[in-house]
Undergrad: 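My structure is below; once you've seen it, I'll send some questions.
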Amino acid sequence: MDEKTQKLGARRWAAILLIGLIGQIAWAIENNYINLWVYSQSHNADHITWMTMASAVVATLTTFFIGALSDRIGKRKIFIALGYSIWGVTVFLFGVMSLPNMNILANSDAKTAVLLVGVMNVLVDCLMTFFGSTSNDACFNAFVTDETNQKNRPFVESVLSIMPLIALAMMLGLGAILGIPNKELSPEAAASPWFIFFLITGILTTGVGILAFFLLPKDHIAPNRDQGYFKHMLVGFFPKTIKANPLFYIALLAFMFFNIGVDSFMPYILVYFQNMNSFQGGDFYVGIGSIMGGAALIVIVFGLFLEKLGKLKVLIPSIAAMAGGALGLFFSGDSLGLGIVFGLLMMGGYLLGTAALGAEIRDLTPEGDVGAFQSVRMVFVVMIPMVVGSNLSSAVFQTPAALNDYGQMEKAPDRFMFLVTVGAALLTLAPVLWLLIANKKRKALAEETKNAEEQ
């Protein structure tokens with residue numbers, strides 16, 4: 001990165017903050033709120049698992065093609081701005097896929113209508129994920145890597161890591177105004193406020209997409225046409241690439257195990273708390289707000305000193321916090337106070353670990369193929385964890401399934417998913433220790449070289 005971009009400047013910071021935040025609002029809907037939405041319409045956690053797996057695959061495939069394409073033509077801005085603009089339209093479409101509307105399509109066959117709720121929301125989720133991954137995963141991520149450097153990247157990554165919580169807090173506020181989520185509402189009664197929810201957030205996402213055409217700076221990356229498009233798309237998976245960048249792949253392995261732990265609870269966490277007796281009514285917003293707000297504060301404070309503390313040194317305490325919080329939630333029962341304390345510990349560890357691993361991976365990403373390497377990141381950091389984590393949790397749910405009013409077996413998330421989080425966190429330690437040892441050797445070698453040159 002040249003001297004001009006050592007400091008990000010007001011325009012780049014504005015772009016990172018605004019586009020990053022609105023992107024996380026859309027992802028908060030995709031990762032959390034549509035789970036609440038679909039559960040409110042079908043009362044079946046299996047539909048959440050379907051969406052989690054399908055969107056993970058679509059997100060990864062999209063990033064493969066678009067990341068390499070943005071490298072090839074030297075463009076990020078058009079993909080981000082246009083992608084966000086259409087992304088907002090797909091957010092709105094969720095509000096149309098309600099049980100009452102599916103009941104019309106099913107000719108009042110209740111069992112078929114509930115099935116259609118799952119199928120149609122999965123399809124819309126895949127469409128939303130395509131535009132979201134195009135604009136955010138493939139191109140906005142590459143834009144941030146292009147525009148930052150090793151000096152400012154840890155703080156930028158810390159700021160970005162709290163965006164999901166800020167977005168979730170905003171969604172909670174909007175939900176509180178509209179009276180959702182509310183498990184006491186019937187699917188028919190819930191459909192109307194949810195429709196307004198998706199309309200507002202869809203308009204917001206599209207609006208920022210239009211603004212991005214004017215806010216984002218002009219692309220300055222050089223087009224990369226040194227190799228064929230498909231070859232460039234797969235460059236991150238070539239053995240010679242892996243051999244040349246071993247620490248990048250070790251860091252990805254650490255992030256993969258870490259995110260398996262995260263994705264074992266994240267798709268289900270709001271439904272889990274909503275179903276707890278102690279998290280009813282206003283206590284739901286107090287509990288979730290305390291957990292999310294406290295975790296965001298932790299990351300902001302530590303994020304300021306992340307580079308000085310050492311990204312890798314922060315990782316082990318972060319992993320321990322996430323695992324300890326998850327274990328605490330497993331044993332805490334139906335207590336609001338313990339739910340907040342251990343939820344805060346788990347979410348704080350998750351966010352701080354995400355910031356540290358994200359910054360480390362950006363530092364280790366080979367230059368010149370930043371867009372193409374987003375696909376490798378998506379396979380390890382998104383697709384595998386979302387598929388493995390969500391299915392492991394679904395497999396260990398112990399709450400007995402019950403037949404609902406629509407002839408479907410209800411399946412609800414329960415505390416056993418937190419044991420998957422603990423197991424995945426333990427697996428994360430091996431590649432993290434490898435990175436710590438490698439980093440220590442690298443610093444020792446640099447010090448020896450420096451001393452030799454001075455002599």
Side-chain angles (χ1 to χ4, degrees), residues 10-38 40-41 51 55 58-59 62 76-98 121 124-141 143-144 159-182 190-217 266 270 285 288-289 292-293 296:
R11 183 175 179 179
R12 285 181 174 82
W13 262 119
I16 289 172
L17 292 174
L18 184 59
I19 295 171
L21 176 61
I22 301 305
Q24 288 306 324
I25 285 176
W27 281 140
I29 293 168
E30 204 274 343
N31 292 328
N32 298 106
Y33 261 79
I34 58 168
N35 299 338
L36 281 170
W37 157 245
V38 172
S40 79
Q41 298 297 292
M51 289 192 299
S55 65
V58 171
T62 301
R76 313 278 195 222
K77 181 175 180 176
I78 186 64
F79 289 110
I80 297 170
L82 187 60
Y84 268 68
S85 300
I86 304 174
W87 197 7
V89 177
T90 65
V91 170
F92 161 71
L93 287 178
F94 282 113
V96 181
M97 305 305 165
S98 63
N121 277 282
V124 172
D125 187 30
C126 289
L127 186 64
M128 176 192 180
T129 299
F130 171 76
F131 289 104
S133 291
T134 292
S135 54
N136 192 277
D137 288 336
C139 295
F140 179 69
N141 263 324
F143 167 79
V144 172
V159 171
L160 288 175
S161 75
I162 66 169
M163 291 294 184
L165 289 193
I166 296 174
L168 195 53
M170 293 173 67
M171 296 300 92
L172 285 168
L174 178 58
I177 293 170
L178 296 173
I180 53 174
N182 184 348
S192 179
W194 275 109
F195 178 86
I196 298 171
F197 176 89
F198 289 122
L199 176 62
I200 292 171
T201 49
I203 290 172
L204 187 62
T205 306
T206 295
V208 169
I210 295 170
L211 181 63
F213 281 105
F214 307 97
L215 180 61
L216 285 169
M266 189 56 77
L270 292 185
Y285 299 104
I288 298 298
M292 302 307 177

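Since the model is a prediction, treat every value here as computed from it, not as a measurement.
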Undergrad: Any side-chain heavy atom of Leu18 within less than 4.5 Å of one from Trp13?
TA: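 No; the side chains remain at least 4.5 Å from each other.
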Undergrad: Might you point out which heavy atoms bring Leu215 and Ala15 nearest each other, and give the distance in Å?
TA: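 Answer, listing the atom of Leu215 first, then Ala15: CD2-CA, 3.7 Å.
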Undergrad: For Ile203, does its backbone N or O pair with a side-chain atom of Thr206 as donor and acceptor, under 3.5 Å?
TA: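 Pair absent, no side-chain N/O of Thr206 close to backbone of Ile203.
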Undergrad: Can Thr134 and Tyr84 be said to form a side-chain contact (heavy atoms from CB on, under 4.5 Å), step by step?
TA: CA-CA 9 Å; Thr134 292; Tyr84 268 68; over 6 Å; no
Undergrad: Are side-chain heavy atoms of Arg11 and Leu216 found at a separation under 4.5 Å?
TA: no
Undergrad: Measure across Thr205 and Ala26 and return the closest heavy-atom pair with its distance rounded to 0.1 Å.
TA: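 Thr205 and Ala26 have their closest heavy atoms at OG1-CB, 4.3 Å.
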Undergrad: Are the side chains of Trp37 and Ile29 in contact, using a 4.5 Å heavy-atom criterion?
TA: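 In short, these two side chains do not touch, never coming nearer than 4.5 Å.
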Undergrad: Is there a side-chain contact between Phe143 and Ile16 (heavy atoms, below 4.5 Å)?
TA: yes
Undergrad: So do the side chains of Asn121 and Val124 get within less than 4.5 Å of each other, counting heavy atoms only?
TA: no
Undergrad: At what distance, to the nearest 0.5 angstrom, does CE of Met163 lie from CD1 of Ile19?
TA: 11.0 Å
Undergrad: Measure across Gly132 and Trp87 and return the closest heavy-atom pair with its distance rounded to 0.1 Å.
TA: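 Scanning both residues completely, I find the closest heavy atoms to be CA-CE2, 3.3 Å.
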Undergrad: Got Met51 and Val38 here, is their nearest side-chain heavy-atom distance under 4.5 Å?
TA: yes
Undergrad: Nearest 0.5 angstrom please: Leu199 CG to Leu93 CG, how far?
TA: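 Going from the CG atom of Leu199 to the CG atom of Leu93 covers 11.0 Å.
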Undergrad: What do you reckon, are the aromatic ring centroids of Phe198 and Trp194 less than 6.0 Å apart?
TA: yes
Undergrad: Does the ring centre of Phe140 sit less than 6.0 Å away from the ring centre of Phe79?
TA: no
Undergrad: Nearest 0.5 Å please: distance from the CE atom of Met97 over to the CD1 atom of Ile34.
TA: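 One finds 12.0 Å between CE of Met97 and CD1 of Ile34.
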Undergrad: Could you tell me if the side chain of Leu17 sits less than 4.5 Å from the side chain of Val159, heavy atoms only?
TA: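 Yes - at least one pair of side-chain heavy atoms lies under 4.5 Å apart.
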Undergrad: To the nearest 0.5 Å, what is the distance between CG on Asn136 and OG1 on Thr62?
TA: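 Asn136 atom CG to Thr62 atom OG1 measures 12.0 Å (nearest 0.5 Å).
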Undergrad: Decide yes or no on side-chain contact (heavy atoms from CB on, under 4.5 Å) for Leu270 and Tyr33, but give the supporting numbers first.
TA: CA-CA 8 Å; Leu270 292 185; Tyr33 261 79; 4.0 Å; yes
Undergrad: Looking only at heavy atoms, what is the nearest atom pair of Gly289 and Leu172, with distance?
TA: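 Residues Gly289 and Leu172, closest heavy atoms: N-CD1, 4.4 Å.
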Undergrad: Look at the aromatic rings of Phe92 and Phe195 and report parallel, tilted or perpendicular, splitting at 30° and 60°.
TA: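 Judged by the thresholds at 30° and 60°, the geometry between Phe92 and Phe195 is perpendicular.
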Undergrad: Go through it in stages, so that I can follow the logic: the residues are Ser133 and Trp27, the test is side-chain contact (heavy atoms from CB on, under 4.5 Å), and I'd like the CA-CA distance, side-chain angles, deciding distance and then a yes or no.
TA: CA-CA 10 Å; Ser133 291; Trp27 281 140; 4.1 Å; yes
Undergrad: Hey, what do you get for CZ (Phe213) to OG (Ser85), rounding to the nearest 0.5 Å?
TA: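 Rounded to the nearest 0.5 Å, the CZ-OG separation comes out at 5.0 Å.
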Undergrad: Nearest 0.5 Å, what's the OG1-CZ distance between Thr90 and Phe131?
TA: 7.5 Å
Undergrad: Walk me through it: do Met171 and Ile25 pass the test side-chain contact (heavy atoms from CB on, under 4.5 Å)?
TA: CA-CA 7 Å; Met171 296 300 92; Ile25 285 176; 3.5 Å; yes
Undergrad: Which pair of non-hydrogen atoms, one from Gln41 and one from Ala190, has the smallest distance, and what is that distance?
TA: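 Taking every non-hydrogen atom into account, NE2-CB, 4.0 Å.
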